[in-house]
Amino acid sequence: MATKPMRIRAAAKDGVTEVKALIAHEMETGQRKDANGAVIPAWFITELSVSHNGKVVLASEFGTAVSKNPYLAFKFKGGATGDKVAVSWKDNKGESRTDEVAIG
Amino acid sequence: MNNQRRSVLKTGSGAALLSMLAAAGLIKPGMALAEWNKAAFDAKSMADTLKALGISQPADSKDVQITGPDIAENGAVVPVGVTSAIPGTTMMAILIDKNPNALAASFTLPEGTEANVQTRVKMGQTSNVYALVKAGDKYYTATKEIKVTLGGCGG
Amino acid sequence: MKKISTLAVLLLALPSAWAAGEDTYAEFKAMMDRSFKTTGIAPKHRMYQLDFQKACSQEEQPAKAEIARIEAEQMKTIRYPADGKYFGDWKQGEKIALSGRGLTWTDKTPHDNGGGCYNCHQMSRHEVSYGTIGPSLLEYATVRGTNEESIKYTWGKIYNAKAFNACSNMPRNGDAEILTEQQMKHLMAFLFDPASPVNKK
Amino acid sequence: MENPQKKLACLLAVLAVSAPLGAQTSDKLMEGINEYREALADGNPSELVAAEGEELWKLKRGPKNATLEKCDLGLGPGVIKGASAQMPRFFKDTGKVQDLETRLMTCMETLQGIDPKEVVNARWLKGEKEKMAALVAYIVTESNGHKVKVDLNNPAMKKMYDMGKLAFYYRTGPMDFSCATCHGDQGKRIRMQELPDLRTHEGAIAGWGSWPAYRVSNGQFWTMQHRLNDCYRQQRTAEPIYGSDVTIALSVYLAGKANGGKVVTPGIKR
């Protein structure tokens, strides 16, 4: 299954950039059962990183307890309008995706 | 956790995402991004999680805060955040005591990133939620009880 | 432009009942008929109204005489327990009161329906998630008393609430076969038993 | 209305282990829950569904291999901004009052050659219905903050409004319920779920104006057709056919009551 685009917002103010990201992912726990009683296998993002002009500003590891369609918000020093902020993730099935946005 | 992270990096393994990012021109080789810590995320209890992370006896700290609502209407999506006022904070994690696996997420903060991260987690039931923070080579915690009126079981 | 204003005047001049006049109602029935289908255990004929349902399908309550007629008719449907025993197990009753399960097209069987009591009523102090469409039933036995009249009234109200209030929001649990006689006995115990959370201070 | 069945099963499981809740008053509980809802308002996952919908809108597909970019939602071909706030509306080309979803089916059929049955017969959030939900998310996002404006002077619309009102009060089925049973009084709730009084303008804008919505409980985006379908499911009636006249009529009734109020779409719900 193809990965879906995420939504990233990055806004610079007073020398600080605020990043808000919504990532499309099922984040299946592996503890739920389908209608026939079969366990739905775990499927979740394990690693996610955010970079600013190529430099990592946040590296994270997720477990299955992160909600479906994960949300992340944080701030880093620096960043100017037009700079690139990229979010990359990898899941336990080996799928990955990177999306990029310009700081507004 | 960071100890393990470093050792993984030193041995140069586990760089799948790293190489992907490098290929995308997003990061330069040698950046701190490591293999997912399976032992820590698979641990059931708080105590086992701390053990898997190689941490003993983190100290409660008023300078660490876990934010979130007192009551979550639905356990499937609970907004939580961790903030730390301790200088030199390099790692923050969210742990949920009563979840099947306590560790929900961990964040490594490079220099220049504020020690304040917001996300959303699943909670199976009312539980204490812990912030675990690393500053220097010491660990600190803060806790907050979040009540769940509905488990993360859909409706 | 002139055409439109003439039409507007015409519409205004028509009697107010026109909006739900006979032609409109026939059209409405036809619309309902083509808009629904049978799915699972919910057959299409569920859309065909009983007389009292139709009488209660208006913005305003029906006329007094109509209300009295409906209540008298519904009263006749009530069946009191043949063995004269009104009370089952309050613990079972609590489960029935909490469950809102049953009778939808996604339910698999017509059995094991819940009473859905907490959807609309406050019933105990330890359950804070309760609805407010119906009155609070806290300390029911104390408030209502435990004499025979109160017991029979309560049975009747559970069995067919329309016998006491023609257009009540409360389902006819017995008459419409939502709950079994045994389930209603459990609910009675939940309401009246001194050990039941309903009657705990 | 929410989904009481699963909700109750969950409540049973959860409240059994959360005794401290019992000490709280109901008001305190609602206060806490409101705080929780506010925390979720920023970063509504509907945005992800809307992003998919935007791609779909511009994607060539169907037997005619065409996009939906020439679809006329009432404000002219391709105009999306504010369009859903003015729906349902009467369309001359089809001679019918259509809501957003039935109008999109018309566009899919005429522009792309996709048979409406593929949407009607699909399961919720599967196949063409999943695509429909994404398109709806995209389009209603473009009406966020706009005012509800449906034309009840149009005779076809007025007729649908009257039909919708009759449907709203129509009691039937084994539980004798109508829409008005739960949505015909002020300040009521089912369990902890507050119910808008849909007879009033305030209630109608709170209800109509905040759907379609993302539901955090199941991580699903629900269109208005989906919402109405589940209301009927809980009323224990038969199932309304997707896009059927009764669903359009109810939408016209609700939109008519909400006229002039501000829509907040997509909403975010429990």
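Chain A is the first sequence line, chain B the second, and so forth, proteins listed ahead of strands; every chain is numbered from 1.
A distance of 4.0 Å separates CD in D/Glu47 from CZ in A/Arg9, rounded to the nearest 0.5 Å.
Taking both residues in full, the closest heavy atoms of D/Asn44 and A/Leu22 are given as O-CD1, 3.4 Å, listed atom of the first, atom of the second, then distance. Taking both residues in full, the closest heavy atoms of D/Pro45 and A/Asn69 are given as CB-ND2, 4.0 Å, listed atom of the first, atom of the second, then distance. Contact record, A/Pro5 with D/Glu55: CG-OE2, 3.7 Å, taken as the closest heavy-atom pair.
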